[in-house]
Amino acid sequence: MEGDFSWPGGVAPDKWRSFVLPENPLAKFLGIKITGIEPGRSVVELKVLPRHLNPWQTLHGGVYAALADLAMGTAVRTTGKKAVTLNLQVGYLRPVKAGQVVTCRGMVIHNGDAVVVTEARMAVAERPVATAGGIFYVQERFMACVPGA
C-alpha cells in the first residue's frame, strides 16, 4: 500500500496529509509510524522496544490496542470523516518480543454516515500476532470529494 495521496477532486497532497495524518502525540510517544495509506485502508508499524513490554517481557496488550486503534482510525479518516472510537476489541494470538517489528493493517468494512466499522490485523514477519475490530462514531465530514464519502 503506497501512500501517494493522488485523490480525486483536485485535493493537494499536503492538504490531505494534514487532514488524514494529524499530529498524534501518543503515536509519537510509542514510536508508531504510519507506513501506508489509501482510501479506506492504512498500515502502521512499531519496532518493539523494552518500554513496550509487560512484566513477562512480551508486548503489552495496551500497545497492541494502540496500534489497532491508530490503523483503524486512520483508515476512517481517509474516507473524509472525523470520528472517535466507540468500541475496540483485540484478540491476542501470539506473544511479541523486543526487537520485533509489528505491522498492523487497518481497513474500513462498513462506511456508514454515523458509524464506521473497521478491522485490523497485526503480524510480525507476515505471521499473525493479533486481530482487532473497531466501531467509530462520525463526528463530522471534512471532505466532500473523498471516494465513498
Side-chain angles (χ1 to χ4, degrees), residues 1-8 16-143 146-149:
M1 192 178 308
E2 295 298 320
D4 66 1
F5 288 86
S6 57
W7 309 86
W16 262 107
R17 289 179 205 280
S18 67
F19 284 129
V20 177
L21 305 175
E23 181 67 27
N24 187 318
L26 180 63
K28 186 175 182 179
F29 173 75
L30 291 173
I32 301 171
K33 309 269 190 232
I34 297 172
T35 59
I37 191 166
E38 63 184 53
R41 297 174 185 265
S42 76
V43 179
V44 302
E45 289 184 350
L46 173 71
K47 180 170 184 179
V48 178
L49 302 174
R51 70 176 182 214
H52 300 125
L53 304 180
N54 62 27
W56 295 272
Q57 301 304 301
T58 61
L59 185 61
H60 189 284
V63 180
Y64 285 96
L67 278 163
D69 193 46
L70 180 64
M72 294 184 296
T74 301
V76 172
R77 288 186 70 80
T78 68
T79 69
K81 296 172 182 167
K82 177 184 171 190
V84 294
T85 310
L86 284 176
N87 180 273
L88 173 69
Q89 72 276 346
V90 181
Y92 306 98
L93 305 174
R94 290 184 179 83
V96 175
K97 298 185 185 269
Q100 294 181 304
V101 176
V102 179
T103 301
C104 181
R105 299 179 184 279
M107 179 174 66
V108 171
I109 57 174
H110 171 73
N111 189 14
D113 290 334
V115 173
V116 179
V117 180
T118 60
E119 68 179 33
R121 295 180 183 180
M122 290 163 262
V124 171
E126 301 298 323
R127 187 171 184 197
V129 296
T131 62
I135 300 172
F136 290 78
Y137 173 72
V138 177
Q139 292 182 311
E140 66 181 278
R141 292 172 61 140
F142 57 81
M143 297 290 288
V146 179

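Taking the side chain as every heavy atom from C-beta outward, V129 and Y64 approach each other to under 4.5 Å. The shortest side-chain heavy-atom distance between N111 and K81 falls under the 4.5 Å cut-off. A heavy-atom distance below 4.5 Å is found between the side chains of D69 and F136. A 4.5 Å side-chain heavy-atom check between D113 and V138 finds every atom pair outside the cut-off. Looking at M72 and L88, their side chains come closer than 4.5 Å, going by heavy atoms from C-beta outward. With contacts defined as side-chain heavy-atom distances shorter than 4.5 Å, the pair V48/K97 does not qualify.
With rounding to the nearest 0.5 Å, the separation of CG in L70 from CZ in R77 is 11.0 Å. Remark: L59 CG to Y92 OH distance equals 9.0 Å, nearest 0.5 Å. With rounding to the nearest 0.5 angstrom, the OG1 atom of T131 is 6.5 Å from the CE atom of M122. Rounding to the nearest 0.5 angstrom, the gap separating the CZ atom in R141 from the NZ atom in K82 is 15.5 Å.
Between T103 and V43, the closest heavy-atom pair is CG2-CG1, 3.6 Å. Residues P128 and L93 approach most closely at CB-CD1, 3.9 Å, considering heavy atoms. When all heavy atoms are compared, the tightest approach of H52 to V63 is O-CG2, 3.9 Å. A68 approaches C104 most closely through the heavy-atom pair CA-SG, 3.8 Å. Residue V76 comes nearest to A83 through the heavy atom pair CG1-CB, 3.8 Å, listed as atom of the first residue, atom of the second, then distance. A66 approaches L30 most closely through the heavy-atom pair CB-CD1, 3.8 Å.
Listed by first then second residue, pairs satisfying salt bridge (charged side-chain N to carboxylate O under 4.0 Å, His left out) with a partner in residues 117-138 read E119-R121, not counting sequence neighbours.
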